[in-house]
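Keep in mind the model is a prediction, meaning the values are calculated, not measured.
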Amino acid sequence: MLSAQKSVLKTAKPHLLFILVFFSFLNTYAQITFEKGYFIDYSGKKIECLIKNTDWRYNPTEFKYKLAEDSKVETGNINTVKEFGIYDRSKYLNASVKIDISSTDLSKLGYQKEPIFKEKQLFLNVLLEGKANLYLFVDGGIRRYFFNTDINPIEQLIYKEYKVEENKIKANNEFKQQLWNSLKCETITMGQIKALDYHKDDLLNIFIDYNECNNSAYTTFKEKKKISFNLALRPRLNISSLSVDNLSSDFKDTEFDQSLNFGFGVEAEFVLPFNKRKWAIILEPTFQYYKSETENVESNVAAGELKATVDYSSIEIPLGLRYYFFLNDNSKLFINGLAVFDVGIKQSDIKFELSYASLNPLQINTYLNAAFGAGYKFRDKYSLEFRYFTTRDLVTHHLNYDSSYQSMSLILGISIL
């Protein structure tokens, strides 16, 4: 039975080729393309073109375009273009606006309730266009919504968190009063306005209600369903332990101490376009190691005292699914389920020594186990995850031995792409 199980594990290694081919396909699918669009220059001329769709995470200050499929790539920017868009997907409007530049970093919040405005020329992302319009600007940690109506100019909807005491934070929710004053209509109640959060979906819904209440045609701009790609550095703290059992006798039965060590991984995340982008496929090559020794190994009395050492390092390749639970525009929780392929980067062994002789070492060979994780991500930039690994057998080539390698990790993630 044991032999059959280990034979199955040995077949896992060829799947690494499948993984590489699979993710090459995903990466190709997610490549940046030129799509049908337009821009309007400062003379008011509308120019049809093909715009490079980079799936802007932050509002751009320029964009690449071609006048035809075989034309050279040119650049439009905030100094030459009044408006540009990709048909049926996105639209950006050039506007000079006052924007609150207050920090949104909780560690840097001040005690000032009022926004700190600065005049800037920006490409605003048009979320809804009608009798009343809604816009978004995102740059790093700053996320601001703007609006205007057919009789009012563009202004920022004001929301600002600030300190009232060292460990007490309040929010300036002036945007609710702005909307109550500007979006007057019989179907919009004060209760609706009070219940709003400064989030995209809430604001879109109230602007849709206003335009429908006024029998005004409106257009919402939604992203095309497309796989998006994120890359993150993932240093971690690992807690690991190992036990080895001789299945034919008690000789060389070993319990190694729990060890605390560091690892490092690089996570490629492919966020899938369906179900509100809650699902992602993740691949995370990770360096890990485990070193330990013990002297009082349980053995036959005649054999004397036995010392055991283990020096194990490898590249783990977790492959699996992630599911997100959105808390607000900046925060989300997630859970992972992963198959973990393990590839040795050098010959690793479990060595045994009697006081008078060295014994044949056990060569470490291992391929596959599972892992489960849960974590928190902030602003799509920083994450913290706890991950639990199921038991891994390190001596799959030794039919007379079994082992139990167990580990847990605390992982910090920092997105770089």
Handout entry: Q192 side chain vs T189 backbone, donor-acceptor pair below 3.5 Å
Key = yes
Practice task
Determine yes or no for a side-chain-to-main-chain donor-acceptor pair under 3.5 angstrom, with N261 supplying the side chain and Y290 the backbone.
Solution key: no
Exercise for the section: Might you point out which heavy atoms bring W56 and S90 nearest each other, and give the distance in Å? Expected result: CZ3-OG, 4.3 Å
With a 3.5 Å cut-off and sequence neighbours excluded, list the donor-acceptor pairs that the side chains of residues 406-417 form with protein atoms.
from: Q406; atom 1: NE2; to: T391; atom 2: OG1; distance (Å): 3.3
from: S409; atom 1: OG; to: N238; atom 2: OD1; distance (Å): 2.5
from: S415; atom 1: OG; to: D380; atom 2: O; distance (Å): 3.3

Problem - K307 side chain reached by E293 side chain, heavy atoms, under 4.5 Å - result: yes
Handout entry: Interatomic distance, R322 atom CZ to I335 atom CD1 [nearest 0.5 angstrom]
Key = 11.0 Å
Handout entry: Gap separating the CD1 atom of I282 from the CG atom of L319, nearest 0.5 angstrom
Key = 8.5 Å
Tell me which donor-acceptor pairs under 3.5 Å the side chains of residues 108-116 have, and how far apart each pair is, sequence neighbours excluded?
from: Y111; atom 1: OH; to: E166; atom 2: OE1; distance (Å): 3.2
from: Q112; atom 1: NE2; to: E114; atom 2: O; distance (Å): 3.2

Problem - Close side-chain approach of K120 to F137, heavy-atom, < 4.5 Å - result: no
Practice task
Would you tell me whether E119 and S96 have side-chain atoms, one donor and one acceptor, within less than 3.5 Å of each other?
Solution key: yes
Practice task
First locate atom CG of L203, then atom OH of Y159, and finally report the distance between them rounded to the nearest 0.5 Å.
Solution key: 11.5 Å
Fill in the blank from the handout: Nearest heavy-atom approach of I51 to G85 is CD1-O, 3.3 Å
Exercise for the section: Over 60° means perpendicular and under 30° means parallel, so classify the ring planes of F84 and Y92, tilted if in between. Expected result: parallel
Practice task
Output the distance between atom CZ (F264) and atom CZ (R234), rounded to the nearest 0.5 Å.
Solution key: 10.5 Å
Exercise for the section: Give a yes or no on whether K184 atom NZ has more than 12 heavy-atom contacts from other residues, nucleotides or ligands under 6.0 Å away. Expected result: yes
Handout entry: Short side-chain to backbone donor-acceptor contact, N211 and A132, under 3.5 Å
Key = yes
Fill in the blank from the handout: One should read off an interatomic distance between Y289 OH and F262 CZ, to the nearest 0.5 angstrom, of 7.5 Å
Practice task
For the residue pair S292 and D257, confirm or rule out a side-chain donor-acceptor distance under 3.5 Å.
Solution key: no
Practice task
Determine, step by step, whether Y323 and F325 satisfy the ring pair (Phe, Tyr, Trp, His ring centres under 6.0 Å) criterion, reporting the C-alpha distance in whole Å, the side-chain angles of both residues, the deciding distance to 0.1 Å, and the verdict.
Solution key: CA-CA 7 Å; Y323 183 81; F325 302 88; 4.9 Å; yes
Handout entry: Close side-chain approach of V138 to L136, heavy-atom, < 4.5 Å
Key = yes
Exercise for the section: For a side chain to side chain donor-acceptor pair (under 3.5 Å) with K131, tell me which candidate from N214, N215, D150 qualifies. Expected result: D150
Problem - Side-chain heavy atoms of T61 within contact of N77, under 4.5 Å - result: no
Practice task
Return yes if some donor-acceptor pair links the side-chain N/O of K377 with the main-chain N/O of S383 below 3.5 Å, else return no.
Solution key: no
Exercise for the section: Give the minimum heavy-atom separation between I154 and V97, together with the two atoms involved. Expected result: CG2-CG1, 3.7 Å
Handout entry: Whether D202 side chain and D197 backbone form a donor-acceptor pair below 3.5 Å
Key = yes
Exercise for the section: Please name the pair of heavy atoms, one in P318 and one in T286, separated by the smallest distance, quoted to 0.1 Å. Expected result: CD-OG1, 4.5 Å
Problem - For L67 against E48, the heavy-atom pair lying closest together - result: CD2-O, 4.2 Å
Practice task
Side-chain contact test, heavy atoms from C-beta onward, threshold under 4.5 Å: evaluate it for K52 versus F63 and give yes or no.
Solution key: no
Exercise for the section: Could you check S43 against D41 for side-chain hydrogen bond (donor to acceptor under 3.5 Å, both in side chains), going step by step and ending with a plain yes or no? Expected result: CA-CA 5 Å; S43 70; D41 64 22; 2.6 Å; yes
Practice task
Flag the pair K36 / L50 as yes when at least one side-chain heavy-atom distance between them is below 4.5 Å, and no otherwise.
Solution key: yes
Exercise for the section: Please determine if D100 and K160 form a salt bridge, counting it only when a charged side-chain N lies under 4.0 Å from a carboxylate O. Expected result: no
Exercise for the section: Could you go through the side-chain contact (heavy atoms from CB on, under 4.5 Å) check for V81 and N94 one step at a time? Expected result: CA-CA 7 Å; V81 173; N94 190 334; 5.7 Å; no
Exercise for the section: For residues H199 and D201, determine if any side-chain heavy atom of one lies less than 4.5 Å from a side-chain heavy atom of the other. Expected result: no
Exercise for the section: Check step by step if side-chain contact (heavy atoms from CB on, under 4.5 Å) holds for L157 and L134. Expected result: CA-CA 10 Å; L157 289 166; L134 179 65; 4.1 Å; yes
Problem - Sub-4.5 Å side-chain heavy-atom contact between L233 and V266 - result: yes
Practice task
Please confirm whether K91 makes a cation-pi placement over F221, using NZ or CZ under 6.0 Å from the six-membered ring centre and within 45° of the ring normal.
Solution key: no
Problem - Any donor-acceptor N/O pair, T80 side chain to G76 backbone, under 3.5 Å - result: no
Problem - Exercise: identify the closest heavy-atom pair between Y218 and I208 - result: OH-CG2, 3.3 Å
Handout entry: Donor-acceptor under 3.5 Å (R387 side chain, E385 main chain)
Key = no
Problem - Donor + acceptor pair across side chains of D342, Y312 (<3.5 Å) - result: yes
Completion exercise
One should read off an interatomic distance between K64 NZ and C49 SG, to the nearest 0.5 angstrom, of 13.5 Å
Exercise for the section: Scan side-chain atoms only and decide if N125 and N59 contain a donor-acceptor pair under the 3.5 Å cut-off. Expected result: no
Exercise for the section: Apply side-chain contact (heavy atoms from CB on, under 4.5 Å) to I158 and F117, showing your working. Expected result: CA-CA 10 Å; I158 296 170; F117 283 119; 3.9 Å; yes
Exercise for the section: Look at the rings of Y145 and Y198 and say which category their plane angle falls in: under 30° parallel, 30 to 60° tilted, over 60° perpendicular. Expected result: perpendicular
Exercise for the section: Using distance alone, with no hydrogens and no angle criterion, decide if E83 and Y38 have a side-chain donor and acceptor under 3.5 Å apart. Expected result: yes
Problem - Which residues share a side-chain hydrogen bond (donor to acceptor under 3.5 Å, both in side chains) with N152, sequence neighbours left out - result: T149
Practice task
Show the numbers, then the answer: is there a side-chain contact (heavy atoms from CB on, under 4.5 Å) between F207 and L127?
Solution key: CA-CA 10 Å; F207 275 79; L127 301 179; over 6 Å; no
